[in-house]
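Right, one structure below, let's go through it.
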Amino acid sequence: MHKFLAPLLLATITSLSPALQAGLFDQEEPLEIEIQADFYQLEIERKKAKKYPGVLTIDQHQLPIELNVRGNHRLQKDTCRFSPLKVDFKKSPARKQTLFHKEGDLKLVVLCRKNSSYYDYLRTEYLAYKMLNAMTPISYRVRWVNVTYKTKDKILKQRPAFFVEHKKRVAKRNGLGLDQPDKPPGYSDLDPEQAALLEQFQYFLGNTDYSLLRSSDRDDCCHNAKLLSGENNYVPIIYDFDATGMVNASYASPPAQFKIRTVLKRYFRGRCHEPSAMQSTRERILGAKENILAMVTSDTELSKKGVRRALRYTKASFKHFESDKIWTKDIVDTCREV
């Protein structure tokens, strides 16, 4: 490196505060941001293929962005008044001075409707991500934000939301790759420990709306899951927890093929593993109990009713794992052979 450039680069790096050097998902406190775009047009059209230019402002730094709508069920107007978003950060000098300096594009999970119940749905889904973080680092991290949405002329609304970490960051943190299978993978292609954990965690949440291997609308992997590449197999990671019993959104219902009437009913749809692997996964979930219960109890964003409901469901889930009888009957005896 040129002798004059090296000090300049070092000065640029060290001028960033420790918070900025750490990155967006290394901190817990909520962010305050503004997003300006043509939200009227975006909500009318809801076209996934269309990009909507905008500006995201944080700490007086204005960052050029493009917005896309995304999702399936939550993108429907009769489900959610406000569209789920993807925020694509464009290159700019200002971005380097913010927590977004490492980011390219990010999912933004937004408030579905302006209603106290929907505030709790959003926050409980956020906590579901945090619960999985407490069990494994091979999971998406999230960051809570308070967003002021604007057009050029007026402030439209102020709403909570949360960003979801990009899978590239999950891969990098865990020494994994992004290579994808040449053909649809089989169950034997998945990392058995990670697959076992995610399947039992989905049971813990009361979620059947996922697949680690197949997607209903295309031939490749997956449904509410992505694959990262390990040395000898593929490592699944999961997202989208609004259709869980933990969240219990009014619009959520389980897939018809499982013949359960409500998402509150826990139903294990995972595969069978070696007994020792099944038991070690169970112990891993139970090992996070104290952390997770404290997470729910101390949450200040949920309403009091939301805390009571989430705590009640979480405690009941742990009882399913603590009871040899229930755990054996509902998980070990009902798992699907590979």
- Query: If Ile, Leu, Val, Met, Phe, Trp and Tyr residues are connected whenever their side-chain heavy atoms lie under 4.5 Å apart, and connections chain through other members, are Leu197 and Met246 in the same group?
  - Reply: yes

- Query: Do Val69 and Lys50 have side-chain heavy atoms sitting under 4.5 Å apart?
  - Reply: no

- Test item: Trp327 and Met278 side chains (from C-beta on) under 4.5 Å apart, heavy atoms: yes

- Query: Is there a donor-acceptor pair under 3.5 Å between the side chain of Arg269 and the backbone N or O of Glu199?
  - Reply: no

- Just by modelled atom types, is the Leu227 backbone N or O under 3.5 Å from a matching donor or acceptor in the Gln180 side chain? yes

- Cationic tip of Arg336 within the cone over Tyr187's six-membered ring, i.e. under 6.0 Å and within 45° of the normal? no

- Going through the checks in order, is the side chain to side chain contact (heavy atoms under 4.5 Å, CB included) test met by Thr314 and Met131? CA-CA 10 Å; Thr314 304; Met131 290 175 186; 3.9 Å; yes

- Nearest heavy atoms of Ile65 and Phe89, plus distance in Å: CG2-CD2, 3.8 Å

- Task: Look only at the side chain of Ser323 and the backbone of Ile326, and say whether a donor-acceptor pair between them is shorter than 3.5 Å.
- Result: yes

- State whether the side chain of Ser229 and the backbone N or O of Gly177 hold a donor-acceptor pair below 3.5 Å, judged by distance alone. yes

- Mind running side chain to side chain donor-acceptor pair (under 3.5 Å) on Glu45 and Tyr52 for me, showing each step along the way? CA-CA 11 Å; Glu45 295 178 339; Tyr52 300 85; 2.7 Å; yes

- Taking only Lys NZ, Arg NE, NH1 and NH2, and the carboxylate oxygens of Asp or Glu, determine whether Asp120 and Lys305 approach each other closer than 4.0 Å. no

- Query: Does Asp240 come within less than 4.0 Å of Arg74, counting only side-chain N to carboxylate O?
  - Reply: yes

- Message: Assess whether a salt bridge exists between Glu165 and Arg143, defined as any Lys/Arg side-chain N lying under 4.0 Å from an Asp/Glu carboxylate O.
- Response: no

- Message: Distance alone, cut at 3.5 Å: any donor-acceptor contact between the side chains of Tyr234 and Asp191?
- Response: no

- Minimal non-hydrogen separation, Arg266 against Ala316, with atom names: NH2-CB, 3.5 Å

- Task: Give a yes or no on whether the backbone of Glu103 and the side-chain of Arg95 come within a donor-acceptor separation of less than 3.5 Å.
- Result: yes

- Over 12 non-hydrogen atoms of neighbours within 6.0 angstrom of CG in Asp182: no

- Task: Measure the shortest side-chain to side-chain distance between Phe321 and Phe204 over non-hydrogen atoms and say whether it is less than 4.5 angstrom.
- Result: yes

Show me the side-chain donor-acceptor pairs of residues 247-259 shorter than 3.5 Å, one per line, residues at least two apart or across chains.
{"residue": "Ser250", "atom": "OG", "partner": "Tyr118", "partner atom": "OH", "Å": "3.2"}
{"residue": "Tyr251", "atom": "OH", "partner": "Asp242", "partner atom": "OD2", "Å": "2.8"}

- Which of these, Asn233, Leu212, Val235, sits in a side-chain contact (heavy atoms from CB on, under 4.5 Å) with Leu190? Leu212

- Item | Within 45° cone and under 6.0 Å: Lys107 NZ/CZ vs Tyr239 ring | yes

- Is Phe241 reachable from Tyr267 through a run of I, L, V, M, F, W or Y residues, each pair having side-chain heavy atoms under 4.5 Å apart? no

- Write out all pairs satisfying disulfide (SG to SG under 2.5 Å) with one or both partners inside residues 66-173, taking only residues at least two apart or from two chains. Cys80-Cys112

- Which atoms form the tightest heavy-atom contact between Thr79 and Arg113, and what is the distance? O-NE, 3.1 Å

- Message: Donor-acceptor pair, distance only, cut-off 3.5 Å: does the side chain of Asn115 make one with the backbone of Ser117?
- Response: yes

- Task: Examine distances only and state if a side-chain atom of Glu34 and a backbone atom of Tyr149 form a donor-acceptor pair shorter than 3.5 Å.
- Result: no

- Should Tyr203 and Ile260 be counted in the same cluster of Ile, Leu, Val, Met, Phe, Trp and Tyr side chains packed under 4.5 Å apart? no

- Query: Cation-pi between Lys157 and Phe39: NZ/CZ under 6.0 Å from ring centre and within 45° of the ring axis?
  - Reply: yes

- Message: Between Lys226 and Ile238, is there a side-chain heavy-atom distance shorter than 4.5 Å?
- Response: no

- Item | Test item: His101 side-chain N/O and Thr98 main-chain N/O as donor-acceptor pair under 3.5 Å | yes

- Item | Shortest non-hydrogen contact from Met135 toward Ala288 | CG-CB, 4.0 Å

- Message: Would you say that Glu322 contacts Leu286 through its side chain, given a criterion of any heavy-atom pair below 4.5 Å between the two side chains?
- Response: yes

- Message: Less than 3.5 Å apart, any donor N or O on the side chain of Glu43 or Ser83 sitting next to an acceptor on the other?
- Response: yes

- Is the shortest distance from a Lys or Arg side-chain nitrogen in Lys130 or Glu28 to a carboxylate oxygen in the other one below 4.0 Å? yes

- Message: Please determine whether a side-chain nitrogen of the Lys or Arg among Asp88 and Lys90 lies less than 4.0 Å from a carboxylate oxygen of the Asp or Glu.
- Response: yes

- Message: Counting only heavy atoms from other residues, nucleotides and ligands, does the tally under 6.0 Å from CD of Glu193 exceed 12?
- Response: no

- Message: Check this for me: does any side-chain nitrogen of one of Glu337 and Arg271 sit under 4.0 Å from a carboxylate oxygen of the other?
- Response: no

- Item | Nearest non-hydrogen partners of Ala225 and Ser211, listed with the distance | CB-O, 3.6 Å

- Message: Within a 6.0 Å radius of atom NZ on Lys77, are there more than 12 heavy atoms belonging to other residues, nucleotides or ligands?
- Response: yes

- Quickly, which of Arg159, Gln158, Glu32 forms a side chain to side chain donor-acceptor pair (under 3.5 Å) with Asn146? Name it, please. Glu32

- Are side-chain N/O atoms of Asp333 and Thr328 paired as donor and acceptor at under 3.5 Å? no

- Single hit among Phe25, Trp144, Phe162, Phe163 for ring pair (Phe, Tyr, Trp, His ring centres under 6.0 Å) with Tyr129: Phe162

